[in-house]
Amino acid sequence: MALCLGQVFSKDKTFRPKKRFEPGTQRFELYKKAQASLKSGLDLRKVVQLPEGENINDWIAVHVVDFFNRINLIYGTMSEFCTERTCPIMSGGLRYEYRWQDGDDYKRPTKLPALKYMNLLMDWIESLINNEDIFPTRVGVPFPKNFQQVCKKILSRLFRVFVHVYIHHFDSVCSMGAEAHINTCYKHYYYFISEFNLIDHSELEPLREMTEKICN
């Protein structure tokens with residue numbers, strides 16, 4: 001019997017506390033606006049569009065943090081099925097393999113079990129979104145010139161989580177009753193990156209058939 005979503009996406013499934021937006025800030029107001037649009041039943045293609053008069057970097061920042069929180073939670077629900085034995089390589093089927101490189105501990109692309117890769121990925125993203133030089137939260141502090149490039153890299157790597165979950169753990173997703181939730185999250189993510197051209201479409205190839213099925 002499928003579990004209710006409250007059980008599937010419970011707090012004890014997360015790897016770490018959520019990154020939150022500070023009340024009273026412009027980013028918090030944008031986040032509330034985005035969440036209200038999501039809950040209103042509007043077409044997701046319209047939900048992701050930049051609200052009139054808003055700064056595009058603020059809008060991207062809000063969504064990158066939100067996708068990090070939500071995708072981290074999705075993978076957290078799958079982690080008990082994703083072990084070094086079941087997933088010794090971070091991959092998406094036989095055709096796609098992802099190796100970890102961060103320039104620090106892993107200076108060259110390194111083959112890792114999916115679980116290890118995911119933990120390193122979430123730690124890496126968390127360090128970026130908590131870095132005031134990259135994701136400034138103080139009023140009047142500008143975004144760095146390379147902000148969108150950093151976000152493109154974050155979103156590109158988050159896409160790999162979807163690839164691994166859909167290709168290797170979708171049976172578990174369905175058995176937990178979480179298929180609709182994850183599909184909606186992926187559609188939201190896909191429409192957002194497409195709206196602002198944040199990922200090269202060649203990188204989306206591993207989920208091309210899934211994307212055509214649920215996003216068109």
Side-chain angles (χ1 to χ4, degrees), residues 9-40 42 44-77 100-106 117-162 181-182 184-200 203:
F9 297 99
S10 60
K11 291 182 180 179
D12 62 352
K13 293 285 188 178
T14 58
F15 287 115
R16 51 187 58 74
K18 281 188 175 183
K19 169 72 174 180
R20 299 189 184 279
F21 303 100
E22 290 298 323
T25 63
Q26 174 66 12
R27 203 132 344 130
F28 179 73
E29 295 304 317
L30 272 180
Y31 174 72
K32 287 201 303 182
K33 183 182 294 187
Q35 293 300 303
S37 296
L38 271 177
K39 295 174 182 177
S40 69
L42 290 174
L44 286 172
R45 291 182 179 88
K46 295 181 179 179
V47 166
V48 300
Q49 294 173 358
L50 180 68
E52 186 175 353
E54 299 294 352
N55 178 280
I56 187 171
N57 283 340
D58 275 318
W59 190 239
I60 290 175
V62 163
H63 282 79
V64 167
V65 173
D66 190 40
F67 286 134
F68 164 71
N69 285 334
R70 293 166 65 193
I71 295 170
N72 176 54
L73 182 56
I74 285 171
Y75 184 69
T77 69
W100 182 255
Q101 181 179 15
D102 56 22
D104 296 317
D105 296 329
Y106 296 87
Y117 183 103
M118 298 289 192
N119 277 288
L120 288 170
L121 172 60
M122 297 305 173
D123 286 343
W124 174 76
I125 296 174
E126 186 175 41
S127 70
L128 290 174
I129 63 179
N130 285 327
N131 186 334
E132 283 286 332
D133 293 330
I134 301 172
F135 281 75
T137 58
R138 298 186 298 278
V139 176
V141 177
F143 288 92
K145 291 181 179 179
N146 68 336
F147 175 71
Q148 290 193 22
Q149 287 304 118
V150 172
C151 289
K152 286 179 180 181
K153 193 166 186 178
I154 291 173
L155 291 166
S156 175
R157 289 188 170 183
L158 282 174
F159 175 73
R160 300 173 183 181
V161 181
F162 282 119
H181 179 94
I182 292 178
T184 299
C185 184
Y186 178 67
K187 286 172 68 174
H188 187 198
Y189 166 91
Y190 176 78
Y191 290 143
F192 184 78
I193 62 170
S194 298
E195 175 74 14
F196 299 104
N197 195 29
L198 293 170
I199 293 185
D200 189 305
E203 293 190 46

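All figures in this text were calculated on a predicted structure; none of them were measured in a lab.
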Would you compute the distance between atom CG of Asp123 and atom CG of Asn119 and round it to the nearest 0.5 angstrom?
6.5 Å
Non-hydrogen side-chain atoms of Phe147 and Pro142 separated by less than 4.5 Å:
no
Donor-acceptor check, side chain of Asp66 to backbone of Val62, threshold 3.5 angstrom: yes or no?
no
Roughly how far apart are Tyr186 OH and Arg70 CZ, rounded to 0.5 Å?
13.5 Å
Nearest heavy-atom contact between Pro136 and Pro144 is CD-CD, 4.5 Å
Please report the closest heavy-atom contact between Phe196 and Val48, naming both atoms and the distance.
CE1-O, 3.4 Å
Hey, what do you get for NE2 (His63) to SG (Cys151), rounding to the nearest 0.5 Å?
12.0 Å
Please find the pair of heavy atoms, one from Phe143 and one from Ile134, that lie closest to each other, and give the distance.
CD2-O, 3.9 Å
Flag the pair His188 / Phe67 as yes when at least one side-chain heavy-atom distance between them is below 4.5 Å, and no otherwise.
yes
Do you know the tightest heavy-atom contact between Leu158 and Met122?
CD2-CE, 4.3 Å
Heavy-atom side-chain proximity of Trp100 to Arg157 below 4.5 angstrom:
yes
Can you see which heavy atom on Trp59 is nearest to which on Val47, and at what distance?
CZ2-O, 3.6 Å
Should Leu50 and Glu195 count as side-chain neighbours, where that means a heavy-atom distance under 4.5 Å?
no
Leu128 and Ile154: CA distance, side-chain angles, deciding distance, side chain to side chain contact (heavy atoms under 4.5 Å, CB included) verdict:
CA-CA 9 Å; Leu128 290 174; Ile154 291 173; 3.9 Å; yes
Between Phe135 and Val64, is there a side-chain heavy-atom distance shorter than 4.5 Å?
yes
Can you tell if the side chain of Leu121 reaches within under 4.5 Å of the side chain of Tyr75, non-hydrogen atoms only?
no
Just do the side chain to side chain contact (heavy atoms under 4.5 Å, CB included) check on Phe192 and Leu44 with the steps written out, would you?
CA-CA 9 Å; Phe192 184 78; Leu44 286 172; over 6 Å; no
Taking Tyr189 for the side chain and Leu155 for the main chain, is one N or O donor matched with an acceptor at less than 3.5 Å?
yes
At what distance, to the nearest 0.5 angstrom, does CD of Glu203 lie from CZ of Arg160?
6.5 Å
Close side-chain approach of Ile125 to Asn72, heavy-atom, < 4.5 Å:
no
Mind checking the NZ-CD1 spacing from Lys152 to Ile60? Nearest 0.5 Å is all I need.
8.5 Å
Asp102 and Asp105: which non-hydrogen atoms are nearest, and at how many Å?
OD1-N, 3.2 Å
Nearest-0.5 Å distance that lies between atom OG1 in Thr77 and atom NE2 in His181
8.5 Å
